[in-house]
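All chains are named by letter (A, B, ...) in the order of the sequence lines, taking the proteins before the strands, and each is independently numbered beginning at 1. Here the structure is a predicted model, which means the values were calculated and not measured.
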Amino acid sequence: MDFSIKQEHQGILDTAAKVAREDLLPRAADIDLKSVHTTESWAAIWENGLLGTTIPKDYGGLGLGLLESTMVLEKLAAGCASSTASFHMHTVVQRYIDALGTVQQKEELFSEVVNEGKLFGSWGSEPGTHGGAAPVKVVVNRAKEGYVMNGTKHFCTMAGACHRAMVHTNIPDKDGNRRTIMVMVPTWVEGVAITGEWNTLGMRGTVSPSVTFDNCFIDENALLGEPGEVEEKGIEQTFALGDAAIYIGIAQGAVDWFKEYAKSHTFDPSPQPLSHDLLLQRRVAEMTQRLEGARYVLYSSCQRYWEESNMGRWYLVSKAKYLASEAAVFVSNMVAAGLGGRIAHRRYPLERMIRDIRTATLMPPSPDRCLEVIAKYELGIDDVQLASRWGS
Amino acid sequence: MDFSIKQEHQGILDTAAKVAREDLLPRAADIDLKSVHTTESWAAIWENGLLGTTIPKDYGGLGLGLLESTMVLEKLAAGCASSTASFHMHTVVQRYIDALGTVQQKEELFSEVVNEGKLFGSWGSEPGTHGGAAPVKVVVNRAKEGYVMNGTKHFCTMAGACHRAMVHTNIPDKDGNRRTIMVMVPTWVEGVAITGEWNTLGMRGTVSPSVTFDNCFIDENALLGEPGEVEEKGIEQTFALGDAAIYIGIAQGAVDWFKEYAKSHTFDPSPQPLSHDLLLQRRVAEMTQRLEGARYVLYSSCQRYWEESNMGRWYLVSKAKYLASEAAVFVSNMVAAGLGGRIAHRRYPLERMIRDIRTATLMPPSPDRCLEVIAKYELGIDDVQLASRWGS
Amino acid sequence: MDFLLNKKQRELIQTAKEVARECLEPRAYEVDQKADHPRASWADVWTHGLLGMTIPEEYGGLGLDPLSYVLVVEQLAGGCTNTAMTVHMHSVVMRYIDSLGTPEQKANFYPEIVEQGKLFGSWGSEPSRRGGTGSVQTILSREGDQYVINGDKHFCTMAGGAHRYMVHCNVQGLDGGRNIVMALVPHNNIGITVKGEWDTLGMRGTVSPSVSFSDCKVEDDWILGEVGQAERSGIGQIFGLGYSAVYLGAAGRVVEWFSDYVQSHHFIPDPEPMAKNVLIQKPLAEMIMALESARKVLYKSAWMWESNSDPIYRAVLAARAKYMASEAAIMITTNSLQLLGGRMAQKRYPLERIYRDIRTCTLMPPSPDRCLEIIGKMELGLDDELLMLRHSS
Amino acid sequence: MDFLLNKKQRELIQTAKEVARECLEPRAYEVDQKADHPRASWADVWTHGLLGMTIPEEYGGLGLDPLSYVLVVEQLAGGCTNTAMTVHMHSVVMRYIDSLGTPEQKANFYPEIVEQGKLFGSWGSEPSRRGGTGSVQTILSREGDQYVINGDKHFCTMAGGAHRYMVHCNVQGLDGGRNIVMALVPHNNIGITVKGEWDTLGMRGTVSPSVSFSDCKVEDDWILGEVGQAERSGIGQIFGLGYSAVYLGAAGRVVEWFSDYVQSHHFIPDPEPMAKNVLIQKPLAEMIMALESARKVLYKSAWMWESNSDPIYRAVLAARAKYMASEAAIMITTNSLQLLGGRMAQKRYPLERIYRDIRTCTLMPPSPDRCLEIIGKMELGLDDELLMLRHSS
């Protein structure tokens, strides 16, 4: 066992922490208020060389493994959860491209990210189906010199702001069976229309309206891999690992702000800063310990992820996501109770952090679902339907 | 022991529940969005005969005791916490008038409420002092044919919307010592200026900016009682009882909405509504039981309130406020986790209820302070400074 | 609404508290250590007129309403959980006799309690069945001209200590469904064999081993009521109400003891009594509030009890009380021990005993899971599922 | 970062697990019931080479680093908490000897363990002092040409069972401040009187009564190091690390036992094994996650241990581990008992024993309150207060 971090990675994490503090945090309040895309924050991530964390070094990225790229998300989320959540989605898309793309596709797509700072979304959810279920309503069919795509996606994060979106679609394979395929859709093409609103409790900068594809023409080159090939790659569950990192990151940001506030504020009749209050010290300790436990379980899940079977991966991500989500909600309650009415004002970032935690942790799978996966794995109970209910 | 409710009171509670459901709830989302005064909701409370719950029957009010008037607040808060919180403040002002006013003052002031639907605010907080501390900065001095008032108040709920505000001020008594006196200030007079913003996580309709009094002329008739007389009346702590009722009320409103949603929504692949889910049933049970315990402790505190010494009153209200606040926060976490991402959308009232609970329960005294009071009372530890630290 | 007690209730509480503190509590340690019946404490309960709490006044009892009853049980538990729990079980049997028995049966059995201080036990649980799911495999059948019982019972409280036992039996021969009937048997009946031992974490004085029935004869007129009547009567649900009173009585004693202790003890290097420490005050107040809110819910359930005898209605009332009371009691015993530290693990302090007792008696059915399920289904209007729950359990 | 164990650690765990399950666990019930020293289990620990875990390799021990050490203690506790706890205390004394002892002392004492399987105890607590606040009233003084100890100690683990005891003494004559020194005394020394009894909720085999010293003679060369050196060494904080390993080892055994039980049992009227019930699955997963996150924090503290020997730094590491481990262990033992119901209160099931053991050994200082205070002050940069906390405690 070894808890140390390599020097090379520590440098990247320090950069991420700096970006979070200096670039993301100062913009977070305005983004939240207006509920708009976090364009400038993404630019800062790019300018600091972090947009390609999951792009291989050969293609100009940082080539980070699952553990290190997840730690970058944790650091960034302490500054702004919304921009980090959409950036997270972008990094998973790079994993898909790396796993499924041809050399030509990689060269072209990765270059847009590394050299031009473009972002790629990932649109999977469909109305009436759960998050993890295979796409059924967005279909791709052969057309002259390419394909046409039709259907509607929900929760299309970065719609209107990303350069391309990796749309989870279904396509007939050679035998005519419908299989899943990822399509890198340029968002500017004809037949792509944004519909719906995005007005939420928190995570308001992860603007995620619905998108409809109406006979949208797709170039041959936009399809990643063969029909069904994506199902074998085991990338899907890495979404939940990044989510867990983001929960821990926002919560750590809230704890850090709480600590700074306590160290720098004194209230009558006490002559000393709030930090000298015993009950406040306990709160800080309880929060940091919860986060610490969640953090190392997450890291450990990241480390073991690629060695595991599919069920083992569900198990690992469930453990990470469950603890991270519980710890973050715990932190949000503790900071609120610890500072009282002061934090309810929107002029303080804690108010936003609390809303972001409450909202981000509502993303499926729910804690109950995670616990179910953990228990079934440990008890050796087979559940082939698990993946399809994951999103509920 | 007797848990029944008199028929006369049950009728009033039914009316309150109806007003909450039909008048307050439908307006709550808009009020929250705009962060504006709940004028129309107050009108509905008046039109349904509830504006004078704490005004004696002789003066046209309902003449409810502490227990019943608190129960009315609980019912109303299930519809809209913001309008109920400001209405609550108004009802406490009537208690002060009843306890301190002359017959002439009562006739005049109560008539404004009963016959004209006017609202009275209560402005006590001052910058740099805690909620429960005696006023020091807003002073009243003798002037020709009346008094002049100077100073600034914080958290002036209903400023700009209430007809009169009962301002907690200090005044020299016969011996020249400064004592507390309540002044019924008409809000339209010269020298009253609203300053400051109100932009909060929740309870956004309890618009509470700062108000400055600049040589504001006050009629002799505006002073309630003799200097210092108010300190003997023991009304102050009833604020916290009403707060507790509001917490329970909002939380019950959230549970009720949660139950209705669960009964009426079905999600694939289950053929039955969500209400058939065992874990959801547990959630409902845990929430209702927490609320039930808090509710009866509150009622019991109301019943015993007037018989108690000052310390005994702090003890009773601490018990009620602590349990109500813990139960409400518990409910807000449980409903969120129970329905997941669905509730984060602002189109659902739960989103607002969660913010309202989180914000309202931050009002001093904190749970820690309540626990301190309870323990000291039970352990027989005298703490004469208690009242002055109550608001912290 | 009125949260004050009436004069009769105040007097009852006073009597019960005196018995509990002066008679029961001094023996509680020994009862626990020996895992033996609290016979001397039962005698004191009898002498003070509380063994007939639930016997109608016309038969010499107190005929207490459920609210007054739980107030008394709570006080008794403040002295000795074992005595309170066994007296409670006995008192439920008295209610069954009142509800289901003939005038002859009442005239036959009640004087044994009122005049002789005898106790009656109630044996319902069966091996391999989930707790609280009633009697199925203990069969009451007709052999020639008499009734006999065959089968096994678990958790047979007061085995060897009570005078008679009310055995929950299933009537043979009717197919499908459950056909429960209550049969009274004397303690020394032929065909009753105590099989298991009783060596438990806590509640050691409730002596509840397994018991085997083999052609155990039952007098014709010792069967209470018609087949199925016991279940329809809505009596059995009061078990849970009394358990709740035991939990809160014991937990209340812990809070009181804790309060006294922290006021009178201080430890070097702390200069003041523990009571002055905010880290003692805060959790003490949390304990007090858990206790108080659980009490309110229990009292309300008891107050509402007689307004409806429907078993499902009462199961919900009992579930409310039991859930709150067991959560509160576990929290209070766990935290008080934690706050006072290692010294309290020693058996010479009462916390150690009460802690074990609470952890044990809160395991009695219905479990917190089941309580929550019952309450949740009721709140969500799932009456059909409640009914099924009842019939499957 | 790497969460995998190396080959040596895997082998150690394997050995420790075998000893725990095959030798220690079968005796755990008896050790608990008799409240007697687990002598036979100590012998097995010795035979398998684990009594010298913290003795340097050059003296025939294993010289384990803190991480490997806690992994072994955790495994032992999975078999018998009493054995694991006493072996842990013994192992801390070995660390003191290594850090403070002269080569002569090491050559004198270590063979007693390695070759003869003797155990050394450590007695620090004193009556009337808050737990963990060290030694002040047990005085080491010069009488003529020899050292003698006078005073009272509490919680003297292994009293009568170990070969020698390391007594935390205060040196007389220097005014102000504390001047702790560690003195080794043989178990049969004149002037040592066992005064209290040891009859506790759990951890009954750690036999830790009170002991009185009256002019108890100490050999000149049996004092470890200079006055004050023991406190500066940062050794004592590892007590808390080992406690955490005991908690998690016992709790891990409970989770494993619970898992097996619910897979192999079902109760009428439920048609399937308990493992299929969501109300079993969910709390089981909660237990697993509490265990896993506490383990991660413990292992990290152990991994960081040797990077800094400052007592405050190590107190924070120990507080982190102990807080998480005790919360997890209490939750796991409480909930597992609750979920499996009344049957588990019987002493024939291991849950009953482990439940009492965990509730008892988690009471050892530093308390959760103190752990949180230490962590909180560190997080908030209150180094002065941390220092004061240390000196006042």
Side-chain angles (χ1 to χ4, degrees), chain B residues 1-6 9 67-68 71 255-256 258-260 262-263 272-304 318-319 322-323 326-327 367-368 370-381, chain C residues 1-6 9 67-68 71 255-256 259-260 262-263 273-278 280-290 292-304 307 316 319-321 323-324 327-328 368-369 371-382 385:
Chain B
M1 225 175 297
D2 179 359
F3 288 83
S4 64
I5 294 169
K6 282 191 194 138
H9 295 147
L67 174 58
E68 289 76 20
M71 291 170 91
V255 172
D256 290 344
F258 182 89
K259 283 164 59 178
E260 281 312 309
K263 289 199 272 190
Q272 292 180 305
L274 287 176
S275 60
H276 289 259
D277 178 75
L278 194 53
L279 295 177
L280 188 137
Q281 291 168 10
R282 280 168 68 90
R283 274 181 201 280
V284 167
E286 286 177 289
M287 291 191 284
T288 54
Q289 291 318 291
R290 287 268 203 138
L291 286 176
E292 193 80 347
R295 178 177 285 128
Y296 287 101
V297 169
L298 166 63
Y299 294 170
S300 165
S301 284
C302 288
Q303 191 195 19
R304 288 171 49 195
S318 291
K319 293 205 295 183
Y322 167 73
L323 279 182
E326 294 291 300
D368 281 349
C370 291
L371 290 173
E372 182 189 346
V373 172
I374 296 163
K376 285 186 171 167
Y377 182 87
E378 294 268 358
L379 291 165
I381 298 174
Chain C
M1 213 171 293
D2 180 6
F3 294 91
L4 303 178
L5 299 174
N6 62 34
Q9 287 166 334
L67 177 56
S68 302
L71 292 168
V255 169
E256 188 185 325
S259 263
D260 290 346
V262 297
Q263 287 177 72
M274 297 171 79
K276 296 275 189 175
N277 183 342
V278 63
I280 292 292
Q281 289 174 5
K282 189 180 157 182
L284 170 61
E286 286 171 337
M287 292 187 233
I288 290 166
M289 293 321 297
E292 183 153 343
S293 51
R295 273 186 184 141
K296 290 284 188 290
V297 171
L298 167 61
Y299 298 162
K300 190 181 175 207
S301 283
W303 182 82
M304 293 176 75
S307 63
V316 173
R320 286 181 182 282
Y323 170 71
M324 292 292 280
E327 294 288 305
D369 282 346
C371 290
L372 290 173
E373 187 177 350
I374 291 169
I375 300 164
K377 288 193 194 311
M378 187 280 297
E379 289 280 343
L380 289 160
L382 300 172
E385 292 197 4

Original post:
Where on H9(B) is there a heavy atom nearer than 4.5 Å to chain C: the side chain, the backbone, both, or neither?
Top reply: neither
Original post:
Taking only residues two or more places apart in sequence, or in another chain, which ones meet Y322(B) in a side-chain hydrogen bond (donor to acceptor under 3.5 Å, both in side chains)?
Top reply: none
Original post:
Taking atom CG of D260(C) and atom CG of L379(B), what is their separation to the nearest 0.5 Å?
Top reply: 9.5 Å
Original post:
For V297(C), is it the side chain, the backbone, both or neither that has a heavy atom under 4.5 Å from a heavy atom of chain B?
Top reply: side chain
Original post:
When heavy-atom pairs shorter than 4.5 Å are enumerated against chain B, which of L298(C), I374(C), L380(C), I375(C) gives the highest number?
Top reply: L380(C)
Subject >> C302(B) SG to M1(C) CE distance, which is reported to the nearest 0.5 Å >> reply: 10.0 Å
Original post:
With a 4.5 angstrom heavy-atom cut-off, which part of L67(C) approaches chain B: side chain, backbone, both or neither?
Top reply: side chain
**OP:** Please state whether the side chain, the backbone, both or neither of V255(C) comes within less than 4.5 Å of a heavy atom of chain B.
**Re:** neither
Original post:
Side chains of D2(C) and M1(B): closer than 4.5 Å at any heavy-atom pair?
Top reply: no
Subject >> Selection from V284(B), I381(B), L323(B), V297(B) maximising heavy-atom pairs under 4.5 Å formed with chain C >> reply: V297(B)
Subject >> Trace of the side chain to side chain contact (heavy atoms under 4.5 Å, CB included) decision for K300(C) with E292(B) >> reply: CA-CA 10 Å; K300(C) 190 181 175 207; E292(B) 193 80 347; 3.2 Å; yes
Subject >> Selection from K6(B), H276(B), E378(B), K263(B) maximising heavy-atom pairs under 4.5 Å formed with chain C >> reply: H276(B)
**OP:** Count the heavy-atom pairs under 4.5 Å between each of K276(C), E373(C), R320(C) and chain B, then report the option with the highest count.
**Re:** R320(C)
**OP:** Side chain from CB out, backbone as N, CA, C, O: work out which of these in Q263(C) comes under 4.5 Å of a heavy atom of chain B, or both, or neither.
**Re:** side chain
Original post:
In terms of heavy-atom proximity below 4.5 Å to chain C, should Q289(B) be classed as side chain, backbone, both, or neither?
Top reply: both
Subject >> Nearest heavy atoms of F3(B) and K296(C), plus distance in Å >> reply: CZ-O, 3.9 Å
Original post:
Do the non-hydrogen side-chain atoms of E286(B) and Y323(C) ever get within less than 4.5 Å of each other?
Top reply: yes
Original post:
Looking at P367(B), A262(B), P273(B), A375(B), which has the largest count of heavy-atom pairs under 4.5 Å with chain C?
Top reply: A375(B)
**OP:** Work out which heavy atom in Q303(B) is nearest to a heavy atom in F3(C); give both atom names and the distance.
**Re:** OE1-N, 2.7 Å
**OP:** Evaluate the side-chain proximity of L382(C) to Q281(B): yes if any heavy-atom separation is below 4.5 Å, no if none is.
**Re:** yes
Kindly list each side-chain donor-acceptor pair under 3.5 angstrom involving residues 280-290 of chain C, sequence neighbours excluded, with atom names and distances?
from	atom 1	to	atom 2	distance (Å)
Q281(C)	NE2	A275(C)	O	3.0
K282(C)	NZ	D368(B)	OD1	2.9

Subject >> Residue part contacting chain B, namely of Q9(C), when any heavy atom lies under 4.5 Å >> reply: side chain
**OP:** First locate atom CZ of R295(C), then atom OG of S300(B), and finally report the distance between them rounded to the nearest 0.5 Å.
**Re:** 11.5 Å
**OP:** Heavy atoms only: give me the nearest S293(C)-A294(B) pair and the separation to one decimal.
**Re:** CB-N, 4.4 Å
Subject >> chain C contact via L278(B) - which portion, at a heavy-atom distance below 4.5 Å >> reply: side chain
